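Down below is the structure, laid out as structure tokens.
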There are 2 protein chains.
Amino acid sequence: MTETIADLYRIKDKFYAAADCIIFGFEGGRIKLLLFRRRVEPLKGEWSLIGSFIRLEEDVSEAAKRVLKEITGLENVFMEQLKAYGKANRDPGFRCLSIAQYALIRINDYDEELVEKHGAHWFDINEVPDLVLDHNQMVADALERLKQKARYQPIGFELLPEKFTIPQLQQLYEAIYRRELDSRNFRKKLLSLNVLIKLDEKDKAGSKRGAFLYKFDHENYQKLLKSGYNFEIA
Amino acid sequence: MTETIADLYRIKDKFYAAADCIIFGFEGGRIKLLLFRRRVEPLKGEWSLIGSFIRLEEDVSEAAKRVLKEITGLENVFMEQLKAYGKANRDPGFRCLSIAQYALIRINDYDEELVEKHGAHWFDINEVPDLVLDHNQMVADALERLKQKARYQPIGFELLPEKFTIPQLQQLYEAIYRRELDSRNFRKKLLSLNVLIKLDEKDKAGSKRGAFLYKFDHENYQKLLKSGYNFEIA
DNA sequence: ATAATAAATGTAAAAAATACGCTCATTCTA
DNA sequence: TAGAATGAGCGTATTTTTTACATTTATTAT
């Protein structure tokens, strides 16, 4: 083993705890990931997930919300714990447990200024650079979780604007599952679930004809859930 | 807020980290949970999951393995992280993060003496007593994970002996899903997956006629996985 | 010999998933 | 302003999967 600069920072006489956030967005048919440049040594300046040490008096989930708000200005977004990363040597500086949480955000809602101020940047999920520590693993695990979860719970909608078209929704699922879906079958399946409300507006960005906008029907979804519903989009 | 005895033990100037294990077994058609009486104040003597503080120099997963071995004598069992529990006030004694991991063990393999020595006891999953801290929540979450996971991955087999009968396997899935399955359809489905090896032996414990024993075909399962297989037992 | 017990098997009907081609509404341009 | 171009939207036939359901078989105990 060779001694590295990082070893100078080892403070391993106690546990530290960090909250790292995997922030997903969706734009232009692509899943995006929000990254920023690490502000502290070691590895200062490298691309990293957004994170923070957890304060002694705050819940882990609160820490994640705090970080998210600091960087993006967003509150009340979908966020769920992924898992804890606890290799003894995962951080060269500290004995630091990281609890990773992933967030799904409507990419146009975030505060662009705040993001820029923090040196953050949206990356296409297929072009994620090398990240510090085990953050690439976290991203991979979060993507896998998203893939699993989207199939049985309507979390995909968290990534779309309030109003969206069926082709947009299909693009999203294609991006999550990484495979093409048949548009006729997709539409049929989605509409049969009875959780979409058709609006009188059209979105003309995608085509000359324009596509009708829909909203997710939270209310009916809850009702259906209670009556033992099996939501599944495969 | 009233002052409790537990407050005397508050040492909240730093993070502690614990590994708690949700240990599942299966016997007599029922899912079982291994619990033991807590050895430290506060709440000494109460029923609790098996756990330990994590040592500064060990991986989180190692800590869980260590605990499991200490109590049951078992190594090399299926174990997977559930999630971290990180409410600031979850433990009245410390600011303690717990990383919960669940294990699936073949109930007859464990070292009975060791278990008794540690004051441990197997409970039917439907008769779990009140546990310390947030351990009941951990159990509920682990059960839910088991239910989800068993559907797409052959982890159920970890709970059965090496050799098992199809009726046993069905009982297990009925216990996990908490619903009855049609025996003809279950058998048909399982055999169609091509991951069971039929043996020449019978198990006569369950009936006069006896049921053929099977083994899980790990090798073929891996092959099938690689060729893009969709394992599903619903 | 016979009664009792759980194991093992097959088939028909219903439901869900898949494959696939044409028309429509609108905009752009010739 | 006619017509070409573009993605939206719809329907049906086929295949696959799931569900529902009843009888026979091997063995043990009486």
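The structure displayed is predicted, hence computed values, not measured ones. Chain A is the first sequence line, chain B the second, and so forth, proteins listed ahead of strands; every chain is numbered from 1.
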Which label fits B:F216 and B:Y221: parallel for a plane angle under 30°, tilted from 30 to 60°, or perpendicular past 60°?
tilted
Please report, to 0.1 Å, the donor-acceptor pairs under 3.5 Å made by any side chain of residues 188-197 of chain A, with sequence neighbours excluded.
residue : atom : partner : partner atom : Å
A:K188  : NZ   : A:N185  : OD1          : 3.2
A:K189  : NZ   : A:E232  : O            : 3.1
A:S192  : OG   : A:K189  : O            : 2.7

inquiry  = Heavy atoms only, 4.0 Å cut-off, all strands: where does B:K202 land among base, sugar-phosphate and nothing?
reply    = sugar-phosphate
By nearest-nucleotide position on DNA chain D, the 5'-leaning member of B:K189 and A:S207 is A:S207
Rounded to whole Å, CZ of B:R187 lies from P of C:dG10 at a distance of 11 Å
Do the side chain of A:R106 and the main chain of A:F157 share a donor and acceptor less than 3.5 angstrom apart? yes
To the nearest angstrom, the NZ-C1' distance between A:K208 and C:dC28 comes to 5 Å
Residues pairing under side-chain hydrogen bond (donor to acceptor under 3.5 Å, both in side chains) where one sits in residues 207-216 of chain B, two or more places apart or in two chains, turn out to be none
- Will you find, in the side chains of A:S98 and A:D20, an N or O donor that is under 3.5 Å from an N or O acceptor? yes
Atom CD of A:E232 and atom P of C:dA15 are separated, to the nearest Å, by 18 Å
From CG of A:D203 across to C1' of C:dT26 the rounded distance in Å is 14 Å
- What orientation do B:Y173 and B:F186 show, parallel under 30°, tilted 30 to 60°, or perpendicular over 60°? tilted
Outermost contacting nts on DNA chain D, any atom under 4.0 Å from chain B heavy atoms, listed 5' then 3', are D:dT18 to D:dT28
note: A:E180, atom CD; C:dC20, atom P; distance rounded to Å ~ 14 Å
Rounded to whole Å, the CG-P distance (B:D182 to C:dA6) equals 17 Å
Rounded to whole Å, NZ of B:K204 lies from C1' of C:dA7 at a distance of 12 Å
B:K188 (side chain) and C:dT11 (base): donor-acceptor pair under 3.5 Å: yes
Which of A:I50, A:L131, A:V132 passes side-chain contact (heavy atoms from CB on, under 4.5 Å) with A:R38? Answer is A:V132
Here the distance between atom C1' of C:dA13 and atom CZ of B:R184, to the nearest Å, is 14 Å
